[in-house]
Student: 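My questions will all concern the structure given below.
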2 protein chains.
Amino acid sequence: MRRTSKLSAALHILMHLAERDAPVTSEVLAKANQTHPVVIRQTLAGLRDKGYVRSEKGHGGGWTLACDMASVTLHDIHTALGSPSLLAISEPSEATGCLVEQAVNASLHQAFQAAESLLLAHFGQVSLAMLSADIHARSAARGGSAHHLEHAHRA
Amino acid sequence: MRRTSKLSAALHILMHLAERDAPVTSEVLAKANQTHPVVIRQTLAGLRDKGYVRSEKGHGGGWTLACDMASVTLHDIHTALGSPSLLAISEPSEATGCLVEQAVNASLHQAFQAAESLLLAHFGQVSLAMLSADIHARSAARGGSAHHLEHAHRA
DNA sequence: CATCATGTAATAATTAAAGTTACATGAGAA
DNA sequence: TTCTCATGTAACTTTAATTATTACATGATG
């Protein structure tokens, strides 16, 4: 699947896990995310290492949320995903020796850095619990019940 | 070439043009940017349409700067390039009907929007003249002369 | 009119990301 | 035990987007 970002994919998964108590398999999560089970495992691997989710093998196995949603922020999740770049610019090689290029890159880099810091600061102020509350507010506004969140995916 | 961004490529070209009075060919600019002459023409096409540069055919032809560097900002250049996305996130399709995904995307979109606005605001406050001045300051700090800027590229 | 240089469309190549396959590991059920 | 389920991961394939290249037309200059 062509996702909007790793972070949004991970959050989507986490919010689904938050709705369920029993373990959810990678296959089910993959369908919700319109992607492949292996991609789910790879994505969640980083979150498991940080203890945000837990995985269990065998019958009745799958993924479960394993953290206090109020104390984990989007910034934490982003870090657990390996801090992928949020900006459409890559680090300059700096190896050309061209002063013009160096100056241009330095100027742009500074600006992009500030924007990225702003994003990360924002992420640090949004907890999983807040995101979850937002979802339920939207659900209520649309007249649905929490239970319906589980069944909102396409045919 | 794998560039850091369209904007940095364009600025690199513009700063080189600023150092020269005579027209510079796409071929020369392509070498400075380690790319292909056609890519240079495609990149500069947008800037020419806005009148920031001028192109001339035939003998002695090439590209020349055609604007007041103090009154053109990085934001102007970015716009002339077609306002390519500055963020590593794409617009969500919104078509899944999944409330969870919608809420996640809405939250992230808001944050990314703010970051992009910050970047654009920054770009609006940096003129080509300021960037040029920065380059010369760096050159002086390194003990070079303005003339050397022309010859700073790799073998 | 030969050469130089841009203008632009069309095509090829490259690259990064995502999807998929394959197989190993471990947990529970029969 | 042994079979099935589910994750863990490496290797590989596919896909999409970007960039590079080719090809040819247009116009300017010597």
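Quantities reported herein were computed from a predicted structural model and do not represent experimental measurements. Order of the sequence lines sets the chain letters (A, B, ...), proteins ahead of strands, with each chain counted from 1.
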Student: Take atom CD1 of B:Ile13 and atom C1' of C:dT6, then tell me their distance rounded to the nearest Å.
Tutor: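 Computing the B:Ile13:CD1 to C:dT6:C1' distance gives 14 Å.
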Student: What is the per-nucleotide protein-contact pattern of nucleotides 20-29 of chain C, from the 5' end, where B denotes a base atom under 4.0 Å from a protein heavy atom, S denotes such proximity for sugar-phosphate atoms only, and - denotes neither?
Tutor: BB---BBBB-
Student: Rounded to the nearest 0.5 Å, how far does CG of A:Leu14 lie from CD1 of A:Ile77?
Tutor: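 So the CD1 of A:Ile77 and the CG of A:Leu14 are separated by 5.0 Å.
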Student: Quick check on A:Asp21: does its CG atom have over 12 non-hydrogen neighbours (other residues, nucleotides or ligands) under 6.0 Å away?
Tutor: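 Count not over threshold, so no.
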Student: Rounded to whole Å, please give me the gap between CG in A:Leu81 and C1' in C:dA17.
Tutor: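 So the CG-C1' distance, A:Leu81 to C:dA17, works out to 15 Å.
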Student: Measure CH2/A:Trp63 against P/D:dA6 and give the value in whole Å, please.
Tutor: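 Roughly 14 Å, once rounded to whole Å.
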Student: Could you point out which residue of B:Leu44, B:Leu65, B:Val53 forms a side-chain contact (heavy atoms from CB on, under 4.5 Å) with B:Ile13?
Tutor: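 When side-chain contact (heavy atoms from CB on, under 4.5 Å) is applied between B:Ile13 and each of B:Leu44, B:Leu65, B:Val53, only B:Leu44 qualifies.
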Student: Look at all strands and tell whether B:Gly62 reaches a base, only sugar-phosphate, or nothing, counting heavy atoms closer than 4.0 Å.
Tutor: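 Here B:Gly62 touches the backbone only, sparing every base.
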Student: Might you point out which heavy atoms bring A:Asp76 and A:Ser71 nearest each other, and give the distance in Å?
Tutor: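 Of all heavy-atom pairs spanning A:Asp76 and A:Ser71, the closest is OD2-O, 3.8 Å.
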Student: Between atom CZ in A:Arg54 and atom P in D:dT7, what is the gap in whole Å?
Tutor: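 Spelled out: CZ on A:Arg54 to P on D:dT7 is 15 Å.
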Student: In whole angstrom, what separates B:Asp49's CG from C:dT6's C1'?
Tutor: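 Roughly 13 Å, once rounded to whole Å.
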Student: In whole angstroms, how far is the C1' atom of D:dG27 from the CZ atom of B:Arg48?
Tutor: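 Distance, rounded to whole Å: 13 Å.
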Student: Do the non-hydrogen side-chain atoms of B:Ser127 and B:Met69 ever get within less than 4.5 Å of each other?
Tutor: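 B:Ser127 does not reach B:Met69 side chain to side chain.
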Student: Is any side-chain nitrogen or oxygen of A:Thr25 closer than 4.0 Å to OP1 or OP2 of D:dA6?
Tutor: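 Checking D:dA6 against A:Thr25, no side-chain N or O comes under 4.0 Å of OP1 or OP2.
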Student: What distance do A:Leu86 atom CG and A:Leu118 atom CG have between them, rounded to the nearest 0.5 Å?
Tutor: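 Going from CG on A:Leu86 over to CG on A:Leu118, the span is 11.0 Å.
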Student: Between P on C:dA5 and CG on B:Leu29, what's the gap in Å once rounded to a whole number?
Tutor: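 Spelled out: CG on B:Leu29 to P on C:dA5 is 12 Å.
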Student: Under 4.0 Å between a side-chain N/O of A:Ser55 and OP1 or OP2 of D:dT7, yes or no?
Tutor: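 Checking D:dT7 against A:Ser55, no side-chain N or O comes under 4.0 Å of OP1 or OP2.
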